[in-house]
Protein chains: 2
Amino acid sequence: MAIQRAASNDLDKRPNNTMKTIDKALFLLGFFSLDTPEYRLSDLARAANVDKATAMRILGSLSIGGLIEQHPETKKYRLGTAVLHLARLREASFPVVSVIQPILDALTLEVGESTHACLFAGSAMTTIAIAEPQRPTRVYINPAEALPLHATASGLAYLAHVPEAMQKNLIKRIDFKTHAKGTVRNKAELMDKLEETRLNGLAVSWRSFEDEVTGIAAPIFDWHGKVQATLSATCISNRLTDKALLGTKVAVLKASQKATQAMGGASPVQTHVATREQR
Amino acid sequence: MAIQRAASNDLDKRPNNTMKTIDKALFLLGFFSLDTPEYRLSDLARAANVDKATAMRILGSLSIGGLIEQHPETKKYRLGTAVLHLARLREASFPVVSVIQPILDALTLEVGESTHACLFAGSAMTTIAIAEPQRPTRVYINPAEALPLHATASGLAYLAHVPEAMQKNLIKRIDFKTHAKGTVRNKAELMDKLEETRLNGLAVSWRSFEDEVTGIAAPIFDWHGKVQATLSATCISNRLTDKALLGTKVAVLKASQKATQAMGGASPVQTHVATREQR
DNA sequence: AAACAGCGTTGATAATAATGAAACAAAAGT
DNA sequence: ACTTTTGTTTCATTATTATCAACGCTGTTT
């Protein structure tokens with residue numbers, strides 16, 4: 001016993017303080033996405049690689065809780081109305097969106113480009129707030145599109161500041177799909193980018209997700225200095241002069257700091273060098 | 001203390017096609033509310049009558065899933081950002097709020113009073129959308145306030161159309177607190193009100209939640225003919241002439257039918273008697 | 001028509017996970 | 001200073017869940 005504990009158990013990750021059944025339920029929940037907003041039982045079971053019967057019982061419980069609901073004719077499952085309630089509750093008691101929105105508005109006004117804020121969800125970034133400038137030409141941000149970690153400034157900004165263990169885990173699962181000319185192609189390139197992002201305090205993705213777009217993103221931290229969200233400006237690349245770029249960077253950085261502060265949080269402190277010294 | 005807990009809620013139901021662990025997790029989730037948006041471990045465990053250790057493991061799993069999060073200094077738990085993501089997803093793939101909102105807007109324009117839509121959540125109705133008229137005097141609807149079932153038109157409209165078994169269950173737990181002069185005081189009164197609501201197809205609560213306010217609410221049904229939401233107008237009582245009342249009733253009823261239809265749903269059909277008998 | 005293939009659902013048992021009392025250090029109150 | 005309470009871990013016992021095959025369906029193919 002003592003030997004096991006000392007020797008081999010470091011490698012086994014044994015978070016004994018969770019419940020596997022609940023983990024599995026949340027795992028299934030994670031399969032609902034924009035591309036696949038509803039599932040038949042068998043399809044979901046197959047996708048998640050769990051037994052049909054198990055999946056059904058899990059979904060049964062989630063249904064009772066209202067987190068998902070089932071169309072009685074097609075038998076398909078989808079997210080339920082309870083999530084609307086929960087989100088409303090969360091936003092009423094600890095506003096995030098409504099705190100960030102005015103910051104985005106101000107930023108957009110200042111830099112004259114579309115801006116948005118993202119949360120990390122599952123394996124990609126999802127937009128939670130958007131502001132658009134009045135200019136006739138501007139980048140349209142699809143509010144529901146999932147933004148891949150490796151191909152967007154938001155993703156890089158997030159990934160660069162995430163705890164090391166989780167970072168490794170996430171990177172392992174990146175598909176490195178090429179979205180545009182400037183998309184990062186492999187892990188080595190990505191690591192360089194992340195290092196650069198950490199040094200600069202913000203990520204610049206030049207034509208990496210869409211060809212005409214340059215994204216400039218900075219992390220938003222919570223009380224603990226953990227990345228909680230990102231804030232970014234998406235600019236039309238060919239009107240971004242060096243001077244404009246610099247100005248935008250500064251503005252984005254300032255806005256992200258304001259957001260960090262507004263979210264109730266401690267300041268990022270020195271993220272530049274020592275991101276690891278947290279314990 | 002009272003024996004309340006002995007009749008330990010819905011947890012002792014035994015439908016074999018659910019998972020008790022997940023039920024318990026969702027049960028805990030339900031304790032987060034506007035009044036108590038965050039909990040310390042022991043407090044939540046006590047409130048839910050669950051062992052500390054169990055509560056901790058459940059919360060651990062929910063935290064990993066992002067449904068809740070923990071402030072590392074105060075150790076308090078609260079709803080997490082994942083709910084924001086899920087709500088966004090649900091709304092993007094199956095819009096409810098954005099479908100109902102224009103209906104509310106039109107209704108408000110027509111009747112000149114504040115209107116709102118509610119979902120049932122836990123033990124009360126919660127608002128998911130609001131429209132306010134331009135008039136200088138109007139009812140202010142607190143978007144985050146929970147509306148008790150017995151004291152609001154929305155609650156009555158919901159309760160009147162809910163399946164009988166659930167109705168009994170819900171009524172059993174009503175506290176019959178008096179909120180205003182017209183609040184329903186006991187079960188007998190309530191049953192009368194519900195019968196009347198079913199007959200009329202809508203609920204009218206005259207000064208039952210706040211003294212100057214009359215609420216007029218109608219149910220919104222889903223594909224199955226199940227109540228999913230309610231839609232109501234909250235009027236300033238003393239400017240509600242008989243004629244205005246009638247007009248508002250008709251308008252609310254029409255709007256609720258439009259909402260039912262717009263939500264993708266089958267028509268209400270005859271759930272009990274005929275819904276057409278309103279005058 | 002009949003056989004087939006896939007679906008959602010159910011039940012029984014082996015395998016696993018959850019439970020709760022006790023014990024602990026560290027905070028928080030007094 | 002002391003007492004109480006909190007979050008956390010451990011461990012033997014108990015209860016829950018995974019699994020697999022089988023069922024009744026519906027729609028499709030032979």
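Proteins come first, then strands; the chains are lettered A, B, ... in the order of their sequence lines, and each starts at number 1.
OP1 and OP2 of C/dG6 both lie 4.0 Å or more from every side-chain N or O belonging to A/Ser42. Side-chain N/O atoms of B/Lys75 include one lying less than 4.0 angstrom from OP1 or OP2 on D/dT8. Within the 4.0 Å cut-off from OP1 or OP2 of C/dA17, not a single side-chain nitrogen or oxygen of B/Thr21 is found. Phosphate contact (OP1/OP2 of C/dC7, side-chain N/O of A/Arg46, threshold under 4.0 Å): present.
Atom CG of B/Asn17 and atom P of D/dT17 are 12 Å apart (whole Å). In this structure, A/Ile58 places its CD1 atom 15 Å from P of C/dT9, rounding to the nearest Å. Rounded to an integer number of Å, the gap from CG of A/Asp43 to P of C/dG6 is 12 Å. Summarising the geometry, the separation between CE on A/Met19 and P on C/dA17 is reported as 12 Å, rounded to the nearest angstrom. Note: CG (A/Asp51) to C1' (D/dT17) measures 11 Å, nearest angstrom. Taking atom NE2 of B/His71 as the reference point, atom P of D/dG7 lies 14 Å away to the nearest angstrom. Atom pair B/Asn49:CG and C/dT19:P shows a separation of 13 Å (rounding to whole Å applied).
Summary of the strand contacts: A/Lys20 and A/Tyr77 both lie near DNA chain C, and taking for each the nucleotide with the nearest heavy atom, the more 5' one is attributed to A/Tyr77. Mapping A/Val50 and B/Thr74 onto DNA chain D by nearest heavy atom places B/Thr74 at the nucleotide closer to the 5' end. The residue among B/Arg57 and B/Lys52 whose nearest nucleotide of DNA chain D is located toward the 5' end is B/Lys52.
Nearest approach of B/Thr230 to B/Ala157, heavy atoms of both residues: CG2-CB, 4.2 Å. Taking all atoms of both residues into account, the shortest heavy-atom contact from B/Ala82 to B/Leu67 is CB-N, 3.9 Å.
Look at A/Arg198 and A/Glu195 and you find a salt bridge, because one of the NZ, NE, NH1 or NH2 atoms lies within 4.0 Å of a carboxylate O, short of that distance.
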